[in-house]
K.L.:
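There's a structure below that I have some questions on.
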Number of protein chains: 4
Amino acid sequence: MNTIGTSLRLTLFGSSHGPGVGCVMDGVPAGLEVTVEEIQREVDLRKPAALIGTPRAEADRVEVLGGILEGVTTGTPVVLYIANHDTDSSKYERFRTVPRPGHADLTALGKYGDAADLRGGGQFSGRMTAPIVAAGAVAKTMLATIGVQVAAYTQRLGRLVDDKERCLKEVRRAARENPVRAADPELALEMVNEIMAAKEEGDSVGGVVRCLAEGLPIGVGEPFFDSLEGELAKMMFSIPGVKGVEFGAGFRGAEMRGSEHNDPFTIEGGEVRTMTNHAGGILGGLSNGMPLDLKVAIKPTASISREQRSVDLEQMEDASVKIEGRHDPSIVPRAVTVVEAATALVLADMCLRGDFIARKHR
Amino acid sequence: MNTIGTSLRLTLFGSSHGPGVGCVMDGVPAGLEVTVEEIQREVDLRKPAALIGTPRAEADRVEVLGGILEGVTTGTPVVLYIANHDTDSSKYERFRTVPRPGHADLTALGKYGDAADLRGGGQFSGRMTAPIVAAGAVAKTMLATIGVQVAAYTQRLGRLVDDKERCLKEVRRAARENPVRAADPELALEMVNEIMAAKEEGDSVGGVVRCLAEGLPIGVGEPFFDSLEGELAKMMFSIPGVKGVEFGAGFRGAEMRGSEHNDPFTIEGGEVRTMTNHAGGILGGLSNGMPLDLKVAIKPTASISREQRSVDLEQMEDASVKIEGRHDPSIVPRAVTVVEAATALVLADMCLRGDFIARKHR
Amino acid sequence: MNTIGTSLRLTLFGSSHGPGVGCVMDGVPAGLEVTVEEIQREVDLRKPAALIGTPRAEADRVEVLGGILEGVTTGTPVVLYIANHDTDSSKYERFRTVPRPGHADLTALGKYGDAADLRGGGQFSGRMTAPIVAAGAVAKTMLATIGVQVAAYTQRLGRLVDDKERCLKEVRRAARENPVRAADPELALEMVNEIMAAKEEGDSVGGVVRCLAEGLPIGVGEPFFDSLEGELAKMMFSIPGVKGVEFGAGFRGAEMRGSEHNDPFTIEGGEVRTMTNHAGGILGGLSNGMPLDLKVAIKPTASISREQRSVDLEQMEDASVKIEGRHDPSIVPRAVTVVEAATALVLADMCLRGDFIARKHR
Amino acid sequence: MNTIGTSLRLTLFGSSHGPGVGCVMDGVPAGLEVTVEEIQREVDLRKPAALIGTPRAEADRVEVLGGILEGVTTGTPVVLYIANHDTDSSKYERFRTVPRPGHADLTALGKYGDAADLRGGGQFSGRMTAPIVAAGAVAKTMLATIGVQVAAYTQRLGRLVDDKERCLKEVRRAARENPVRAADPELALEMVNEIMAAKEEGDSVGGVVRCLAEGLPIGVGEPFFDSLEGELAKMMFSIPGVKGVEFGAGFRGAEMRGSEHNDPFTIEGGEVRTMTNHAGGILGGLSNGMPLDLKVAIKPTASISREQRSVDLEQMEDASVKIEGRHDPSIVPRAVTVVEAATALVLADMCLRGDFIARKHR
């Protein structure tokens with residue numbers, strides 16, 4: 001089903017080349033102040049940047065169809081809708097015969113047969129992330145009520161890595177001031193050039209988005225299967241292009257000894273803290289009061305304008321394919337906005353489940 | 001809740017130091033042949049190996065309390081129970097005051113207060129994975145009916161890496177012939193020594209478990225949020241100690257160009273295949289017919305016998321803790337069995353959901 | 001949550017006096033032919049009839065926001081939206097202080113406090129049944145693919161009872177030809193008069209809706225808790241005003257002896273049938289191949305224009321209330337359409353769950 | 001699936017003629033005092049009474065396999081198990097060929113084919129209600145923490161009706177002092193005779209169980225589909241033999257005018273009450289502070305020793321069947337215990353969902 005979450009339940013609908021895309025959020029407490037402008041602001045952040053983004057120009061106007069009256073949530077499901085305008089489906093028919101490498105064409109045909117809607121990636125399209133971002137804006141206002149903040153940035157773009165330790169405050173500010181959503185202005189320039197270079201070569205580039213969350217109380221997460229890591233990971237892998245998720249030291253931690261990986265406890269300003277954060281803010285599937293530290297690996301955009309090897313499914317023989325469709329040479333910068341929203345949605349759901357946010361409508 | 005899965009639903013119960021641990025599997029089709037011996041065989045694989053494992057000696061006898069009569073499933077929930085015997089709770093009280101670094105003591109106290117059951121890690125204990133392995137044996141028989149096989153092995157242990165490409169068949173055989181569950185006999189010896197060394201130093205070592213699955217039909221996985229990657233990742237992060245999950249090229253793929261990462265299609269023996277498998281067998285959240293390739297990062301065991309820095313929660317001052325409890329210097333070898341079972345459980349659920357396995361009881 | 005169903009999941013949104021009402025249907029197979037006209041036709045049937053209905057005049061135009069392209073379902077969630085126009089909220093503020101007898105004013109205030117939206121009954125309004133009817137039209141096309149038909153009629157209106165045995169075919173035809181949705185034309189006239197009489201007295205009248213379904217295969221329904229009766233009953237009690245549900249002989253059966261109540265099996269035209277249908281088509285929670293026979297008790301409309309006894313919640317003293325709002329002197333005729341749609345939704349969900357309708361999108 | 005509930009989730013397992021029956025309760029808060037004796041006491045109430053009950057003699061010893069340590073809940077799932085002893089499956093094979101009228105034999109064969117376990121009714125057996133009663137005992141202790149009490153009694157047995165208005169206190173006391181669970185001692189005697197008479201005639205008798213609950217806060221229940229009535233009804237229809245459910249005036253209310261049915265509000269001892277309770281304690285799907293008043297119609301036991309008309313499924317010709325199996329001439333008295341437990345389970349779940357009972361484990 002197209003639904004995720006338990007106490008805060010998000011259902012996506014629409015498709016890239018249908019009339020529009022949208023979502024229903026059930027479980028949003030009544031009495032919360034959310035303006036459509038706030039939601040719009042987040043959705044605008046997801047828009048492709050000039051030069052490094054796709055030429056597909058969508059206004060992405062958010063309409064509120066339910067759940068919010070005069071800027072206040074009513075306790076009924078929040079329904080957000082974004083109409084599609086600039087749809088160009090002309091180029092997708094051929095992919096039924098010659099599937100695009102790295103795309104879901106073949107798997108979609110295998111699952112849905114002729115009913116499969118490949119246009120613009122159909123329901124696998126990155127466009128489905130627009131309502132996720134809109135919903136994330138509502139989730140952020142829920143989290144704000146208990147002082148939880150979320151911020152993401154481009155930690156890696158191809159071979160360019162930002163390995164500095166970063167706190168949420170600087171990330172929040174810096175990452176919104178450059179088109180690649182980097183936390184470091186110099187690195188941002190290099191990343192722009194990297195994307196331009198890939199574009200000129202008719203190629204694309206991947207990267208890693210890092211997301212931080214601060215202000216989480218201790219104990220967010222549910223045993224046994226609904227760990228905070230598990231719920232966040234499930235959501236992240238719903239984002240098209242994500243191929244890896246790690247927390248804190250993650251895969252690097254696999255090379256460590258326990259004496260090195262264990263984060264020692266200490267008292268800091270009358271509070272229990274850990275001296276390092278290899279755990280990424282999560283122990284035993286529950287938040288431990290340290291910053292949440294999540295990394296998401298994003299593969300290079302599958303759509304590249306170079307000619308690629310594929311097969312002709314009718315002739316069942318090797319063939320080649322050239323993708324004319326409009327696309328981003330790197331989805332990493334736009335993924336930053338999506339990962340941030342997706343993280344907020346999971347945290348809001350888990351905070352509701354754990355009664356850290358009042359579920360009871362008041 | 002302690003439940004995972006949609007069409008095949010697994011509920012865990014019990015705790016490390018209660019009367020026992022067990023599980024309920026709902027959705028297992030009727031008429032499936034499963035003997036308790038088969039289940040026992042898998043559970044035995046999870047037992048700690050001599051020298052490199054914990055001295056805690058559990059018989060781990062599996063009892064069938066429902067759902068299987070005379071070696072055939074009845075269509076009612078399958079209930080498997082494993083009694084606890086060798087429990088020693090004497091050493092856990094102190095951790096309420098001085099939490100163990102890398103453990104859930106502090107977070108559990110934060111969430112459950114005095115009711116928190118820390119004994120042997122309570123419900124966060126690795127012991128909860130025993131019923132997962134038992135359930136995995138049933139899931140494997142479900143998968144066998146459609147020719148799907150699953151096999152895992154230790155791909156990394158600390159700094160020792162097995163970077164050879166491996167096919168499922170060799171992994172299945174080799175990884176069960178040595179105590180560290182490595183696919184390569186020579187490397188296995190080095191890994192044993194690595195664990196012994198860590199043990200002598202009162203330390204522990206992490207690693208990476210790689211799991212392969214072959215025979216999956218095209219199209220296993222559900223949009224939008226129930227992608228095959230998302231469901232597998234959620235399950236994996238439920239396994240204590242897991243801090244990262246990636247598919248195919250995973251994080252390495254973030255450094256690639258699209259022209260390199262995209263797996264070109266080709267015809268092989270009249271079938272559509274990809275020439276590489278950077279996608280790890282999954283495109284658009286759906287299986288694409290290539291082998292599933294999943295990697296799981298496992299942190300070094302948090303329990304080490306060295307003295308560690310912690311805090312005294314009563315005095316709210318720094319303190320030190322030394323863990324006497326029995327534990328594995330590396331949980332990686334035992335995690336291999338758990339990851340394999342967990343993968344089988346998710347695949348069986350997803351195959352049921354997609355109607356690749358008949359849900360209708362016959 | 002505002003969601004019901006398992007394989008076919010319906011989520012309602014909106015409220016009586018917000019911008020509009022609508023629903024999301026997830027699980028509708030792809031490739032199904034459904035026109036907006038068909039949906040509109042069903043929704044129009046729910047409109048109040050002249051003279052005996054509320055003067056509130058809503059166009060109730062159905063818009064398809066997703067899931068249906070060019071009259072064919074795509075496999076993505078079907079989203080149906082109905083804008084509100086003729087809303088008059090002026091009269092509801094007073095009910096915060098003096099709750100209306102038989103209404104949810106007091107309970108809503110108790111649950112939601114000041115955030116409670118009482119306007120037009122808010123989310124407890126009968127208006128929320130409009131999207132249920134729209135969704136029901138889609139469910140009916142799903143059922144039609146396996147030859148299942150559903151038809152409801154007014155079996156009782158106040159003291160007027162239709163105790164004739166009726167087959168689905170006659171009910172389908174007759175009940176759409178008179179404003180009270182009776183199966184018998186003469187009785188229909190009497191019922192109209194009964195409603196007019198109640199209206200003149202500033203009163204309202206209740207009744208019983210009977211719903212029949214034919215063509216169900218044997219075995220629809222899931223043990224243990226998801227019996228066909230249980231799922232239908234849960235849905236029916238979601239319809240405002242429903243206070244009782246029974247199947248077949250229902251409460252009358254409680255007075256019978258087993259020798260009388262048991263439906264004897266016999267062979268009829270090479271098929272196993274029962275000679276009577278006291279079971280209402282369901283045995284052991286599963287359909288038995290006989291017609292589904294469901295009765296729903298509907299209370300008289302709570303809104304009556306007579307002065308009624310109530311209390312003043314501010315003064316905490318007895319008070320009286322007179323309801324100016326527009327309302328139906330009997331909701332029974334309109335409930336016929338809703339019960340029929342609601343039955344279709346549950347049957348479609350249960351047929352999907354039992355694999356009687358192909359879940360796999362093709 | 002065999003699971004019900006949202007915040008308090010109950011999963012049943014086992015079958016009438018397997019090794020045993022049991023259940024898993026997930027969501028029970030930690031720190032609750034529950035002894036196995038309390039649970040056993042409730043389970044004993046379900047046992048057949050001498051003379052008027054089935055001769056099948058089951059010890060029905062409850063074992064706690066998880067979730068309760070030293071009489072206190074731990075927050076992990078509560079697992080209760082009851083072994084089967086006195087099973088006699090010899091007589092059920094024939095029903096595969098000649099199905100019993102009023103039983104699920106035919107529908108089970110239609111759904112499960114040869115895998116269907118008809119022995120003792122398999123998973124449709126009344127024996128599955130034993131774990132429901134055990135779980136109900138735990139639910140009652142949860143409700144007791146907020147002052148909610150539940151009590152049921154036999155309101156009708158065949159033609160014998162108890163139409164007196166009754167308060168919970170008298171029902172609790174009286175209904176446990178006679179084998180038919182009647183609230184009136186004289187009527188109890190008549191009911192015993194009615195059952196004896198039916199038994200002598202090789203027949204069975206149905207009835208109505210009425211269940212009352214007091215102490216419920218205002219606002220228990222969730223819109224839109226998870227109304228208190230809907231959740232209770234779904235649970236009730238899971239109990240074998242239930243064919244009707246009504247609240248308050250129920251079907252009688254369908255004959256009333258609104259002016260008669262609406263319960264007028266008044267102030268009583270500084271509290272808002274209604275002068276009548278035709279709503280049965282529920283308005284708009286939410287509890288309104290008045291006693292919950294639920295009636296359940298139970299059909300006469302399908303198993304009767306008289307010869308009955310059936311069909312031979314192999315010859316496809318009419319046949320007759322005589323049931324030798326052991327059974328209750330009326331299940332109504334035992335159903336009283338089950339309905340009471342089932343009501344407690346739903347109320348506990350709904351009180352958890354609405355935060356009337358603390359979900360957070362403490």
K.L.:
For Val321(A), is it the side chain, the backbone, both or neither that has a heavy atom under 4.5 Å from a heavy atom of chain B?
P.N.:
neither

K.L.:
Using a cut-off of under 4.5 Å on heavy-atom pairs, state which of Leu12(B), Asp203(B), Leu10(B), Thr11(B) scores highest against chain A.
P.N.:
Asp203(B)

K.L.:
Quick check on Ile4(A) against chain B: is it the side chain, the backbone, both or neither that has a heavy atom closer than 4.5 Å?
P.N.:
both

K.L.:
For chain A, which candidate among Gly102(B), Ser238(B), Gly289(B) shows the most heavy-atom pairs at distances under 4.5 Å?
P.N.:
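Of Gly102(B), Ser238(B), Gly289(B), Ser238(B) has the most heavy-atom pairs under 4.5 Å with chain A.
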
K.L.:
Could you grab the distance from atom OG1 of Thr129(B) to atom CD1 of Ile239(B), nearest 0.5 Å is fine?
P.N.:
8.0 Å

K.L.:
So which of Pro329(A), Gly206(A), Pro300(A) has the largest heavy-atom pair count under 4.5 angstrom toward chain B?
P.N.:
Pro300(A)

K.L.:
Please classify the contact of Ile132(A) with chain B as side chain, backbone, both or neither, using a heavy-atom distance under 4.5 Å.
P.N.:
side chain

K.L.:
Just verifying a value: how many Å separate Ser15(B) OG and Met128(B) CE, rounded to the nearest 0.5 Å?
P.N.:
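Rounded to the nearest 0.5 Å, the OG-CE separation comes out at 7.0 Å.
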
K.L.:
Which bit of Pro99(B) comes within less than 4.5 Å of chain A, counting heavy atoms only: side chain, backbone, both or neither?
P.N.:
both

K.L.:
Could you have a look at Asp263(A), Leu228(A), Thr3(A), Val296(A) and say which one has the most heavy-atom pairs with chain B under 4.5 angstrom?
P.N.:
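Winner by heavy-atom pair count: Thr3(A).
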
K.L.:
Rounded at 0.5 Å granularity, tell me how far CG in Asn262(A) sits from CD1 in Ile323(B).
P.N.:
7.5 Å

K.L.:
Please determine which of Leu160(A), Val332(A), Val209(A), Val161(A) meets the side chain to side chain contact (heavy atoms under 4.5 Å, CB included) test together with Gln155(A).
P.N.:
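The option that passes is Val161(A).
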
K.L.:
Is chain B contacted by the side chain of Met235(A), its backbone, both, or neither, given a heavy-atom distance below 4.5 Å?
P.N.:
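It is the side chain, since no backbone atom gets that close.
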
K.L.:
Between Asp162(B) and Thr154(B), does the side chain to side chain contact (heavy atoms under 4.5 Å, CB included) criterion hold? Intermediate values first, please.
P.N.:
CA-CA 8 Å; Asp162(B) 173 355; Thr154(B) 301; over 6 Å; no

K.L.:
With a 3.5 Å cut-off and sequence neighbours excluded, list the donor-acceptor pairs that the side chains of residues 245-258 of chain B form with protein atoms.
P.N.:
| from | atom 1 | to | atom 2 | distance (Å) |
| --- | --- | --- | --- | --- |
| Glu246(B) | OE1 | Phe251(B) | N | 2.9 |
| Arg257(B) | NH1 | Glu201(A) | OE1 | 2.8 |

K.L.:
Identify all side-chain donor-acceptor contacts of residues 279-288 of chain A below 3.5 Å with residues at least two apart in sequence or on another chain.
P.N.:
| from | atom 1 | to | atom 2 | distance (Å) |
| --- | --- | --- | --- | --- |
| Ser287(A) | OG | Pro217(A) | O | 2.6 |
| Ser287(A) | OG | Gly219(A) | N | 3.1 |
| Ser287(A) | OG | Val220(A) | N | 2.8 |
| Asn288(A) | OD1 | Met290(A) | N | 3.0 |

K.L.:
Which bit of Met236(B) comes within less than 4.5 Å of chain A, counting heavy atoms only: side chain, backbone, both or neither?
P.N.:
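Contact with chain A: none, neither part.
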
K.L.:
Please determine, among Ala302(B), Gly202(B), Gly241(B), Ala233(B), the option with the most heavy-atom pairs under 4.5 Å with chain A.
P.N.:
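Top count of heavy-atom pairs under 4.5 Å with chain A: Ala302(B).
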
K.L.:
Show your working on salt bridge (charged side-chain N to carboxylate O under 4.0 Å, His left out) between Asp226(B) and Lys234(A) and close with a plain yes or no.
P.N.:
CA-CA 8 Å; Asp226(B) 300 351; Lys234(A) 177 176 173 172; 3.1 Å; yes

K.L.:
In Å, rounded to the nearest 0.5 Å, how long is the span from CG of Leu232(A) to CZ of Phe237(A)?
P.N.:
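Taking CG in Leu232(A) and CZ in Phe237(A), the distance rounds to 11.5 Å.
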
K.L.:
For Thr301(A), is it the side chain, the backbone, both or neither that has a heavy atom under 4.5 Å from a heavy atom of chain B?
P.N.:
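The backbone, not the side chain.
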
K.L.:
Which one, Glu260(A), Glu271(A), Met275(A), leads in non-hydrogen pairs under 4.5 Å with chain B?
P.N.:
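Counting heavy-atom pairs under 4.5 Å, the top option is Met275(A).
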
K.L.:
Arg159(B), Arg306(B), Arg156(B): which one forms the most heavy-atom pairs within less than 4.5 Å of chain A?
P.N.:
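Most heavy-atom pairs under 4.5 Å with chain A: Arg156(B).
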
K.L.:
Side chain to side chain contact (heavy atoms under 4.5 Å, CB included) for Cys351(A) and Leu216(A)? Distances and angles first, verdict last.
P.N.:
CA-CA 9 Å; Cys351(A) 286; Leu216(A) 278 176; 4.0 Å; yes

K.L.:
Side chain, backbone, both or neither: which part of Gln308(B) has a heavy atom under 4.5 Å from chain A?
P.N.:
side chain

K.L.:
Which atoms of Ser330(A) come close to chain B, meaning under 4.5 Å heavy atom to heavy atom: side chain ones, backbone ones, both, or neither?
P.N.:
neither

K.L.:
Go through it in stages, so that I can follow the logic: the residues are Ser310(B) and Arg100(B), the test is side chain to side chain contact (heavy atoms under 4.5 Å, CB included), and I'd like the CA-CA distance, side-chain angles, deciding distance and then a yes or no.
P.N.:
CA-CA 7 Å; Ser310(B) 181; Arg100(B) 292 165 293 175; over 6 Å; no

K.L.:
Heavy-atom pairs under 4.5 Å with chain A are the metric here; pick the option from Ser227(B), Ala297(B), Gly270(B), Pro264(B) that has the most.
P.N.:
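Winner by heavy-atom pair count: Ala297(B).
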
K.L.:
Please identify, among Asp312(B), Val98(B), Thr266(B), Ile298(B), the residue contributing the most non-hydrogen atom pairs under 4.5 Å to chain A.
P.N.:
Thr266(B)

